[in-house]
Asker: 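Have a look at this one before I ask anything.
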2 protein chains.
Amino acid sequence: MNNHLRALRAEHGWSQADLAERLDVSRQTVNAIETGKYDPSLPLAFRIARVFGSSIESIFDPGDQA
Amino acid sequence: MNNHLRALRAEHGWSQADLAERLDVSRQTVNAIETGKYDPSLPLAFRIARVFGSSIESIFDPGDQA
DNA sequence: CGACCATGTCAAGCACACTTTACTTTTTCG
DNA sequence: CGAAAAAGTAAAGTGTGCTTGACATGGTCG
């Protein structure tokens, strides 16, 4: 599952810790999602979309494995 | 997390087993998601949206807890 | 140089997504 | 009504999402 998280975060000038706080998750979780270690849960995906004011579909790309 | 899965499934005339097969999950998983026992993973949410030809946001409603 | 910040990563632990098997209850239909 | 299909539910097991705590690295800046 690819995503544009790092680019979106950079556009907003936020550190991983900043974003983590806004999403109410740990900094390690943001890092893991950005580096592709695992996918967010659906509720977290919704919070991510909300924070960036866009849709889940425009941030995450399921590619083959979904 | 509320969802319109049961209604969408009914519109298509599919049983839980039919949908499960199309989503490549077990019938119990479809049942659990419909009855609100838990939320699907993000990849499964993408497959559900794809099967019904609509967006994740139009099928799932995060409500308060996201 | 030395302190700080951002990022990356590891380990242990808990909760949940999903499985298979199996059984009960409800709905549908001849 | 009676049989079959559909739906609900439960238990036990596996994998992963997310946690805290800790440590290493690289960049920036006084």
Asker: Please tell me if the side chains of A:Leu19 and A:Gln16 come closer than 4.5 Å, counting only heavy atoms from C-beta onward.
Answerer: no

Asker: With a non-hydrogen cut-off below 4.0 angstrom, is B:Asp18 in contact with a base, only sugar-phosphate, or nothing?
Answerer: nothing

Asker: Kindly point out which of C:dT19, D:dA7, C:dA6 is positioned nearest to the side chain of B:Arg27?
Answerer: D:dA7

Asker: Give the rounded distance in Å between these two atoms: CG of A:Leu19 and P of D:dC18.
Answerer: 13 Å

Asker: Between C1' on D:dT16 and CG on A:Asp39, what's the gap in Å once rounded to a whole number?
Answerer: 10 Å

Asker: It should be established whether B:Ser26 places a side-chain nitrogen or oxygen under 4.0 Å from OP1 or OP2 of nucleotide C:dT19.
Answerer: yes

Asker: Distance check needed: C:dT19 P versus B:Asp24 CG, whole Å only.
Answerer: 8 Å

Asker: Distance check needed: D:dG17 C1' versus A:Phe46 CZ, whole Å only.
Answerer: 17 Å

Asker: Can you find a side chain N or O atom of B:Asn31 that sits less than 4.0 Å from OP1 or OP2 on D:dG8?
Answerer: yes

Asker: Side-chain donor or acceptor of B:Gln28 under 3.5 Å from a matching atom on the base of C:dT21?
Answerer: yes

Asker: Between atom NZ in A:Lys37 and atom P in D:dT16, what is the gap in whole Å?
Answerer: 13 Å

Asker: With nearest nucleotide decided by heavy atoms, which residue, B:Ile33 or A:Ala17, maps closer to the 5′ end of DNA chain C?
Answerer: A:Ala17

Asker: In whole angstroms, how far is the C1' atom of C:dA6 from the CZ atom of A:Arg9?
Answerer: 9 Å

Asker: Please state whether the phosphate of D:dG17, meaning OP1 or OP2, lies under 4.0 angstrom from any side-chain nitrogen or oxygen of A:Thr29.
Answerer: no

Asker: Would you mind telling me which of D:dA7, D:dC18, C:dG8 lies closest to the side-chain atoms of A:Tyr38?
Answerer: D:dC18

Asker: Could you work out which one of C:dT19, D:dT19, C:dT7 sits closest to the side chain of A:Val25?
Answerer: D:dT19

Asker: Can you tell me how far P of C:dT20 sits from CD of B:Glu21, to the nearest Å?
Answerer: 13 Å

Asker: Kindly give the heavy-atom pair with the smallest separation between B:Asp24 and B:Arg47, and that separation in Å.
Answerer: O-NH2, 4.1 Å

Asker: By the 4.0 Å heavy-atom rule, please label A:Ser15 as base, sugar-phosphate, or nothing.
Answerer: sugar-phosphate

Asker: Specify the closest pair of heavy atoms between A:Asp18 and A:Gly13, including all atoms of both residues, with the distance to one decimal.
Answerer: OD2-O, 4.4 Å

Asker: Ignoring backbone atoms, establish whether A:Arg6 has a side-chain N or O less than 4.0 Å from OP1 or OP2 of C:dG8.
Answerer: yes

Asker: Find out whether B:Ile59 and B:Ser54 are in side-chain contact, i.e. whether some heavy atom of one side chain is under 4.5 Å from a heavy atom of the other.
Answerer: yes

Asker: Out of C:dA22, D:dG17, C:dC10, which has the shortest distance to the side chain of A:Ser41?
Answerer: D:dG17

Asker: Starting at CG of B:Leu42 and ending at P of D:dT16, how long is that distance when rounded to a whole Å?
Answerer: 15 Å

Asker: Can you tell if the side chain of A:Ile56 reaches within under 4.5 Å of the side chain of A:Leu42, non-hydrogen atoms only?
Answerer: yes

